[in-house]
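The structure under discussion appears below in the form of structure tokens.
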Amino acid sequence: MTWSDFLNILFGAVIGFLLSIFTTIINFALERKGKLKIYYKIYTSENLTEEFGFSFEAQKIAFIVPITFEMQNTSNSSRVIRDLSIHLFNKGNDFKKMRQVGKAVNERTTDGVVVSHSEQEFGTYNNSYSFVIPARSIRNHRCVYMYVIEKDESNKNQFDEIKLSYYDENDRKHLFDIRMIPKCWEKNNKLDVDSDWVLASK
């Protein structure tokens with residue numbers, strides 16, 4: 001074998017290797033083509049845990065956000081939504097991450113006797129707020145977020161906006177505007193629910 005033959009073989013091998021890498025990159029890009037969209041609808045129900053707005057008890061007050069998500073993946077590969085959260089913002093600053101509620105127990109009593117008992121679970125398997133959305137699919141999940149403080153702590157826990165966040169499969173954080181919250185911690189503050197699906201936007 002001459003040096004010319006050896007160089008031709010080496011050149012062919014390099015070209016073949018580069019073409020295989022290029023093909024892999026193209027296939028990966030085609031699989032990833034498409035979007036992950038998150039639609040949400042803030043709702044309310046007769047259950048206290050799923051009543052949107054401010055809740056007042058003897059010594060504590062709470063802000064509750066019950067929300068249903070529709071997650072749409074239009075790509076050809078699975079997508080990850082990790083730690084889907086709602087954050088409280090005050091004057092543009094991230095003030096507090098709300099607690100993700102996994103399960104709620106509702107009981108109704110008459111004369112001290114329990115007459116009805118129900119349980120609701122939120123999130124996905126094992127009440128997780130992380131989701132895997134298969135290729136070209138839609139997943140629907142119901143979630144509840146809550147922030148509870150002592151009554152005398154309302155002045156130092158003011159907020160005026162809520163935002164949605166999650167981490168993707170590359171551990172990149174995504175943050176979306178949800179809505180402004182006027183008159184924080186006021187007892188007669190009635191907040192509107194969503195009448196239709198809203199696309200989460202930055």
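Along the sequence shown, the residues carry numbers beginning at 1.
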Donor-acceptor check, side chain of S128 to backbone of Y125, threshold 3.5 angstrom: yes or no?
no
Salt bridge check, D194 against K41: does any charged N sit closer than 4.0 Å to a carboxylate O?
no
Looking at every non-hydrogen atom in both residues, tell me the closest pair between L164 and A200 and how far apart they are.
CD2-CB, 4.4 Å
Closer than 3.5 angstrom, by distance alone: can the side chain of S165 be matched with the main-chain N or O of H174 as a donor-acceptor pair?
no
Answer yes or no: is there a side-chain heavy-atom contact under 4.5 Å between I67 and V144?
no
Could you tell me whether the side chain of K103 reaches within less than 4.5 Å of the side chain of F122, counting heavy atoms only?
no
Could you check F95 against H87 for ring pair (Phe, Tyr, Trp, His ring centres under 6.0 Å), going step by step and ending with a plain yes or no?
CA-CA 7 Å; F95 167 68; H87 294 254; over 10 Å; no
Does the pair T49 and N47 meet the rule for a side-chain hydrogen bond (donor to acceptor under 3.5 Å, both in side chains), with working shown?
CA-CA 5 Å; T49 311; N47 298 323; over 6 Å; no
Going by heavy atoms in the side chains, are K151 and Q59 under 4.5 Å from each other?
no
Do Y40 and T68 come within less than 4.5 Å of each other through their side chains, counting heavy atoms only?
no
Are E161 and K163 packed together at the side-chain level, in the sense that at least one heavy-atom pair is separated by less than 4.5 angstrom?
yes
Mind running side-chain hydrogen bond (donor to acceptor under 3.5 Å, both in side chains) on Q100 and Y145 for me, showing each step along the way?
CA-CA 5 Å; Q100 301 160 337; Y145 301 87; 5.3 Å; no
Indicate yes or no: does D83 engage K97 in a salt bridge with an N to O separation below 4.0 Å.
yes
Would the distance check show the side chain of N127 and the main-chain N or O of G123 forming a donor-acceptor pair, the cut-off being under 3.5 Å?
no
Are any of the side-chain heavy atoms of F69 and F131 separated by less than 4.5 Å?
no
Measuring centre to centre across the rings, with the benzene-like ring taken for any Trp, is F159 within less than 6.0 Å of F63?
yes
As a test of understanding, state which of N140, I81, I138, V132 forms a side chain to side chain contact (heavy atoms under 4.5 Å, CB included) with M71.
I81
Should R139 and E70 count as an ion pair when the cut-off is N to O under 4.0 Å?
no
Student check: side-chain heavy atoms of Y129 and C143 closer than 4.5 Å
yes
Under 3.5 Å: donor-acceptor pair, side chain of E186, backbone of K183
no
Exercise: identify the closest heavy-atom pair between Q158 and N155
CG-O, 3.4 Å
Residues L175 and K202: closest non-hydrogen pair is O-CG, 3.2 Å
Using a distance-only test with no angle check, is there a side-chain donor-acceptor pair under 3.5 angstrom linking N73 and R136?
no
Under the 6.0 Å and 45° cation-pi test, does R82 pair with Y167?
yes
Heavy-atom closest contact (C184 atom, N157 atom, distance):
SG-O, 4.1 Å
With side chains defined as the heavy atoms from C-beta onward, is the minimum distance between I181 and D160 less than 4.5 Å?
no
Run the ring pair (Phe, Tyr, Trp, His ring centres under 6.0 Å) test on F54 and W185 for me, step by step, so that the C-alpha distance in whole Å, both residues' side-chain angles and the decisive distance to 0.1 Å come before the verdict.
CA-CA 6 Å; F54 299 97; W185 301 122; 5.2 Å; yes
Pair F52, I64 - check side-chain contact (heavy atoms from CB on, under 4.5 Å), show working.
CA-CA 5 Å; F52 177 49; I64 304 169; over 6 Å; no
For L88 and Y147, run side-chain contact (heavy atoms from CB on, under 4.5 Å): C-alpha distance rounded to whole Å, both residues' side-chain angles, the deciding distance at 0.1 Å, then the answer.
CA-CA 9 Å; L88 306 176; Y147 181 52; 3.5 Å; yes
Nearest-0.5 Å distance that lies between atom CD in E169 and atom OG in S77
7.0 Å
Tell me if a side-chain donor or acceptor on D168 pairs with a main-chain N or O of D171 at a distance below 3.5 Å.
yes
R142 and its side-chain hydrogen bond (donor to acceptor under 3.5 Å, both in side chains) partner, picked from Q120, E121, E50
E50
